[in-house]
Asks: 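Shown below is the structure under consideration.
Hydrogens, waters and symmetry mates play no part in the numbers below; they use all other heavy atoms, side chains included. In what follows, chains are A, B, ... by sequence order, proteins preceding strands, each numbered from 1.
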Amino acid sequence: MTKSVFLGTLAASALVAGFASAGTLDDVKARGELICGSNTGLTGFGAPDANGEWQGFDVALCRAVAAAVLGDATKVKFVPTTGETRFTALASGEVDLLVRNSTWTFSRDNDLKLDFVAVNYYDGQGFMVKKDLGVTSAKELDGATVCIQTGTTTELNLADFFKFNNITYTPVTVADDAEAQRQYLAGACDAFTTDASGLAASRATMPDPANHIILPEIISKEPLGPVVRHGDNNWGDIVRWTYYALLIAEEKGITQANVDEIAASSTDPEVRRLLGVEGETGAMMGVDNAWAHNAIKAVGNYGEIFAANIGESTPIGLARGLNELWSKGGLQYAPPVR
Amino acid sequence: MAYVADAPKASFRPSMLIYDTRYRSITIQVIVLLLAVLFVGWLADNTIQNLAAKDKDINFSFLWNRAGYDLDQQLIPYTNDSTHGRAAMVGLLNTLAVAFLGCIFSTILGVFIGVLRLSKNWLVSRLMTVYIEMFRNVPLLLWIIMVFVIFSEIAPAPKDFKVTDEMIAAGELPKASMMFMDSVAVTNRGTNIPMPLVEHPLGYVNLGFATANLTVVALFALIGASIYANRRVARHARAVQEATGDRPTIWWKSLLILFAPSIFFLWALGFHLEYPELKGFNFKGGLNVAHSFTALLLALVLYYGAVIAETVRSGIIAISNGQSEAAFALGLRPGRTMRLVILPQALRVIIPPLISQFLSLTKDTSLGIGVSYLDLRGTLGGITLNQTGRELECMLLMMLIYLLISLLISFVMNIYNHSVKLKER
């Protein structure tokens with residue numbers, strides 16, 4: 001009896017603790033550390049490097065937010081989450097922010113009570129097959145066995161795509177990318193499907209990347225972006241504008257290297273507002289006025305982050321494509337800082 | 001003046017609730033019960049309030065929404081247009097299939113190993129000891145993953161089975177070939193076995209929540225009837241034996257009654273096997289048993305076989321030596337001694353712990369998540385939970401279903417236990 005009362009109290013206090021947070025910003029400041037939900041390990045997007053330091057495209061955004069809020073990009077704790085656990089981890093308050101290749105969908109936005117604050121990568125679902133399979137289009141995959149990560153939008157898209165094209169497949173559901181890759185390489189499935197960026201990242205870590213091709217069909221829209229809990233608008237704004245600051249920085253030619261110099265010398269009023277030289281942009285959000293300056297100083301602008309982690313010079317080799325700035329024909333567009 | 005010798009009437013005072021031993025235990029129980037009810041109520045209220053604070057409610061209507069995902073092993077018809085409830089049902093049947101087969105095979109294996117471990121043959125008993133200790137002392141999940149990885153890494157790919165014209169011309173053999181007269185193919189994607197089919201099925205009947213395959217129902221009914229008839233024959237033989245001392249020969253009658261009706265029934269419906277064939281990427285036709293199923297079942301059987309073997313051994317050792325000595329003195333051979341004298345008595349000791357092994361096995365089928373076996377945990381507690389975001393509802397429902405399955409197994413096994421336990425007259 002004593003034991004069960006004790007356990008009950010424990011369970012109850014866990015329930016209460018999960019929902020105790022009043023404002024995420026206050027919590028993060030009080031803690032002195034940002035807790036960021038990350039991938040369990042997807043090279044290029046979020047994975048620990050040889051020294052155990054988290055690196056990647058999504059990880060950089062977490063660091064930028066930490067720099068904007070706390071002034072220090074190293075004050076981030078990364079919590080690896082799987083496709084299944086990520087939203088629960090966010091909703092329960094285990095993480096402050098989730099940046100983990102998560103697709104913005106209607107039901108996640110409304111039914112799961114989450115807020116997608118931006119799209120940091122415009123993606124689409126693709127297929128990877130072994131070259132010697134002799135398949136050149138996803139529509140030739142009739143009867144194929146397809147490895148698919150469970151708990152994601154991809155398994156719904158996959159079912160729709162095959163149904164729409166009137167062809168059949170056998171799903172092999174797996175828990176995470178690493179297991180999917182193992183099964184795919186072992187030949188347990190003909191094709192591996194996930195977001196095209198994930199396929200490229202996966203292929204980069206294979207022993208023989210040249211023997212695998214990504215089929216041309218992109219079967220879905222996958223806007224990936226940072227997610228926060230519904231209802232904490234201030235915190236959502238901070239994450240959104242930190243991301244926009246990185247975009248504006250690229251647009252204005254502000255880089256990690258020259259940000260100090262530009263802050264001191266620029267006469268462009270928008271740059272001056274952004275970098276906190278004039279105006280009170282930080283105070284309006286409840287953070288330091290140099291928030292954008294700190295973020296850019298810590299991780300560089302959007303273009304730099306892209307090039308360093310997943311760009312064409314990296315093993316992952318993704319082109320900017322849709323993720324080019326609006327001024328260069330892409331979709332990345334930030335509202336003005338005014 | 002009449003004195004009435006009444007016993008002084010005990011008047012009840014509230015303080016007696018604490019100081020009178022007659023009432024004290026009741027008082028304590030009532031208080032504890034109240035506290036427990038309050039505590040549970042507070043927990044539920046707290047949960048609902050906190051969910052409301054996050055704009056969430058408890059709502060099971062998602063079970064009637066379209067699921068939208070596909071499953072690779074389905075014992076009842078299912079497409080991605082079916083509902084989440086239907087998907088949960090598919091998962092439940094997958095759970096029950098593994099649990100049912102697992103309980104049967106692990107019991108057979110367990111009894112066999114347990115008896116052999118007590119063998120006087122040094123080598124056999126030591127081998128069995130090694131087996132038991134090896135399987136019982138390594139976590140079950142590791143065995144499941146290991147069996148699965150062995151299957152998917154070592155088995156040949158479907159294309160290795162392909163025979164091209166050039167290969168025939170060059171006299172080469174394909175890298176892999178099918179087993180058991182070209183009927184079974186083990187590939188790295190699954191095991192393809194022949195599928196039993198009938199030419200003139202009896203059709204289906206819709207029961208509202210599910211469709212019943214009349215052919216299967218009729219076959220089971222026929223087998224049940226045969227078994228019942230066979231028991232009648234055996235009972236009659238026993239009666240004759242007790243009356244006259246001579247046991248009539250009934251083995252051919254038994255065989256006829258047990259098998260002839262089913263065989264005739266299947267022949268009449270045009271029973272045949274559909275063999276798997278390599279077409280395109282994969283084997284088509286036949287039945288494709290996913291490795292996740294095979295791995296889970298095999299690992300469960302091997303692990304629980306070892307555990308049940310120990311239970312069986314303890315049951316046998318619990319029977320005093322005098323029993324077997326008496327049986328030998330009557331001239332029974334060791335095999336019959338075990339079967340007729342020792343095991344029936346040992347069952348009384350074996351059954352109660354065996355019930356808990358069955359319960360553990362059933363619950364451990366949820367470890368199939370390690371190899372992505374889509375059982376109840378994989379569908380309702382996995383994909384559905386993820387796609388709908390209804391964690392609390394899915395978990396509650398899943399716990400309720402596992403509870404019901406376990407209670408059902410307990411109930412059935414307790415009936416059996418009642419029938420074999422020592423009858424005290």
Asks: Heavy-atom distances under 4.5 Å only: say whether Phe148(B) touches chain A with side chain, backbone, both or neither.
Replies: side chain

Asks: Of all the heavy-atom pairs spanning Thr173(A) and Ile383(B), show the shortest one and how long it is.
Replies: CG2-CD1, 4.4 Å

Asks: Can you tell me which portion of Ala290(B) sits under 4.5 Å from chain A's heavy atoms? Options are side chain, backbone, both or neither.
Replies: neither

Asks: Considering heavy atoms only, which positions within residues 367-382 of chain B lie below 4.5 Å of chain A?
Replies: Ser372(B), Leu374(B), Arg377(B), Gly382(B)

Asks: Which residue pairs satisfy the side chain to side chain donor-acceptor pair (under 3.5 Å) criterion with at least one member in residues 89-99 of chain B, sequence neighbours excluded?
Replies: Gln73(B)-Asn94(B)

Asks: Nearest 0.5 Å please: distance from the OG1 atom of Thr85(A) over to the CD atom of Glu391(B).
Replies: 11.0 Å

Asks: Within a 6.0 Å radius of atom CE on Met399(B), are there more than 12 heavy atoms belonging to other residues, nucleotides or ligands?
Replies: no

Asks: As an exercise, state the distance from CG of Asp70(B) to CG of Asp160(A), rounded to the nearest 0.5 Å.
Replies: 9.5 Å

Asks: When rounded to the nearest 0.5 angstrom, what is the spacing between CG in Asn386(B) and CG in Leu112(A)?
Replies: 9.0 Å

Asks: With a 4.5 angstrom heavy-atom cut-off, is it the side chain or the backbone of Thr384(B) that approaches chain A, or both, or neither?
Replies: neither

Asks: If the condition is disulfide bond (SG atoms under 2.5 Å apart), which residues does Cys394(B) pass it with, not counting sequence neighbours?
Replies: none

Asks: Among Gln183(A), Glu179(A), Arg182(A), who wins on heavy-atom pairs under 4.5 Å with chain B?
Replies: Arg182(A)

Asks: I need the minimum non-hydrogen distance between Leu71(B) and Pro171(A), along with the two atoms involved.
Replies: C-CG, 4.0 Å

Asks: If you tally heavy-atom pairs under 4.5 Å against chain B, which of Arg108(A), Glu155(A), Arg86(A) wins?
Replies: Glu155(A)

Asks: With heavy-atom distances below 4.5 Å as the criterion, would you say the side chains of Ser107(A) and Gln387(B) are in contact?
Replies: no

Asks: Just verifying a value: how many Å separate Asp81(B) CG and Lys163(A) NZ, rounded to the nearest 0.5 Å?
Replies: 3.0 Å

Asks: Compile the donor-acceptor pairs under 3.5 Å between side chains in residues 24-36 of chain B and protein atoms, sequence neighbours left out, one pair per line.
Replies:
unit_1, atom_1, unit_2, atom_2, d
Arg24(B), NE, Ile18(B), O, 2.8
Thr27(B), OG1, Leu17(B), O, 2.8
Thr27(B), OG1, Tyr23(B), O, 2.8

Asks: Could you report the tightest heavy-atom contact between Ala159(A) and Gly68(B), atom names first, then the distance?
Replies: CB-O, 3.3 Å

Asks: Side chain, backbone, both or neither: which part of Tyr169(A) has a non-hydrogen atom closer than 4.5 Å to chain B?
Replies: side chain

Asks: Where on Asn80(B) is there a heavy atom nearer than 4.5 Å to chain A: the side chain, the backbone, both, or neither?
Replies: side chain

